[in-house]
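Down below is the structure, laid out as structure tokens.
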Amino acid sequence: MKESKSQSIEFDADMLKKYDTFGPRYTSYPTALQFSPAFTERDYRDELAQSNEQGNPLSLYYHIPYCESLCFYCACNKIITHTFDRATPYLEYLHKEIVMQAALVGDQRQVNQLHFGGGTPTFLSDQQLQELMLETERHFQLAPVEQREFSIEIDPRAVRENTIAMLREFGFNRVSLGVQDFDEKVQKAVNREQSIEQTQAVLDAARQSGYQSINMDLIYGLPHQTVESFDRTLATIMGMRPERLAIYSYAHMPNRVKAQNLIKAENLPDAVTKLSLLELTINRLQEAGYVYIGMDHFALPDDELVLAKEKGTLQRNFQGYSTHADTDMIGMGVTSIGKVNNAYSQNERFEKAYFKALDAGHLPVFQGYRLSADDKLRRAVIQDLMCQGVVDFKSVENQFGIDFNSYFSQELQRLLPLQEDDLVSLSAQQIRVQPFGRLLLRNIAMVFDAYQKPTKEQRFSRVI
Ligand code: SF4
């Protein structure tokens, strides 16, 4: 039995406070903290060769690190510059990496998914975007247009009139628009001034060009946000009715994210207001008919994410949630992370080192991680919790040849208090996440994480 999409979440502020700790978002398991430089280019090549034997479809990720201005809240890997020429050498190297990676893959594996992330992918000119797509087509076996799931992150402040339509011709069918908040005072405080009109114009262009799914990103917990001001932003967004919404909690970690020092802590909403912002968001979105997917993501009931959740085929990857079965992902460009066969690998984080590796004829692998049998098992359980909200013991036992109750006896014990608080329900065959528990998926998943335990130490963002 799958979770019903009609299960609505009843808000309980005291319970949220009780479980408010720091925890990973589990876009990978183990998390990037376990990655190590002991994982080398050679390991990556071995993993890719093994996965080629299975011949599964591929997903590609391109990281375009440049942005024209700094949003003070941003913890992404980005380079702030007004020098557009800076992208020229970067693209030459990215093209080199494409040639090298594609040569390792051969022409037997079809690329079904492609994602441009950043930074700001539209920092590139239309001509540069076109050349990058042509280079991709030249070297990889792209799926027929109707089977493609190609997406790009768009900053509505930095996109040209024809870009959206031009990308559609290459088979792009999903866009994700950064919005965060429409309130002017909030926008000034985070140095991201973006009008409703700019956002609406991109949305209209995407709809006119026939994009299948539009996502918008919002953030709650930003400076000067109030329940009233955020309610206005949500009302505007509901009027735009994107198919998907990602509404993140702002994690103020100025010790780890330098740019956040530009946000004055005294302007941040207090803990009570922040919880009220979350409550408001959940209520408004549920009233508007959105389904809560989990981990800050909402979608309209007929969106593929909701359908995949119901079918039990939803996946979690570095971009959040995905409808594609466990495809291998090749990440290209600085800092990008890929997942191939039984390993994660991350590219060099700085342009200079990235260029140097490619100049020497090497793949720019900086670090990575090869999963053990225990990692794979725990990853599957965490994936089931995050995506389906159900862990079925028999199916895990069949897949991994273990006895669930004895293998996870300690974890099942540790779930008992969560069951008392109605976050999960346990039976002899299943762990089922309860509606309120969907707000605390990280806490539930952490029970199965062999590396992290709930902590007050700030290595990850807060779960709320
Ligand atoms: S939020 Fe986006 S546009 Fe702003 S600095 Fe970060 S990556 Fe760049």
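Bear in mind the structure is a predicted one, so any value in this text is a computation, not a measurement. Start at 1 and go down the list; that is how both ligands and their atoms are numbered. We number each residue from 1, following the sequence as shown.
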| task | For atom 4 (Fe) of ligand 1, decide whether C67 has an N, O or S atom at a distance under 2.8 Å. | result | no
| task | Take every heavy atom of A75, measure it against each atom of ligand 1, and state whether any distance is under 4.0 Å. | result | no
Which side-chain N or O atoms in residues 261-269 pair as donor and acceptor under 3.5 Å with protein atoms at least two apart or in another chain?
{"unit_1": "N261", "atom_1": "ND2", "unit_2": "P254", "atom_2": "O", "d": "3.3"}
{"unit_1": "N261", "atom_1": "ND2", "unit_2": "K258", "atom_2": "O", "d": "3.0"}

| field | Validation row, ring centre F150 to ring centre F172 under 6.0 Å | value | yes
| task | Show which atoms of ligand 1 fall inside a sub-4.0 Å distance from at least one heavy-atom site of T120. | result | 3 (S)
| query | Can you list the ligand 1 atoms lying under 4.0 Å from a non-hydrogen atom of S69? | reply | 5 (S)
| task | Please answer whether the main-chain N or O of L363 pairs with a side-chain N or O of E348 as donor and acceptor at a distance below 3.5 Å. | result | no
| Who's the nearest protein heavy-atom neighbour of atom 5 (S) of ligand 1, and how far? | C71 N, 3.5 Å
| request: Kindly indicate whether a cation-pi arrangement holds for R379 with Y29, taking the cut-offs as under 6.0 Å to the six-membered ring centre and within 45° of the axis. | output: no
| message | Under a 4.0 angstrom heavy-atom cut-off, which atoms of ligand 1 come close to D155? | response | 3 (S)
| request: Report yes or no: does C74 have an N/O/S atom closer than 2.8 Å to atom 6 (Fe) of ligand 1? | output: yes
| request: Consider ligand 1: state whether an atom of it lies below 4.0 angstrom from any non-hydrogen atom of G119. | output: yes
| query | Is there a donor-acceptor pair under 3.5 Å between the side chain of Y321 and the backbone N or O of M386? | reply | yes
| query | Which bit of A158 gets closer than 4.0 Å to ligand 1, counting heavy atoms only: side chain, backbone, both or neither? | reply | neither
| task | Please report the shortest heavy-atom distance between R207 and R241, naming the atom on each side. | result | NH2-O, 2.9 Å
| Do the side chain of T226 and the main chain of S229 share a donor and acceptor less than 3.5 angstrom apart? | yes
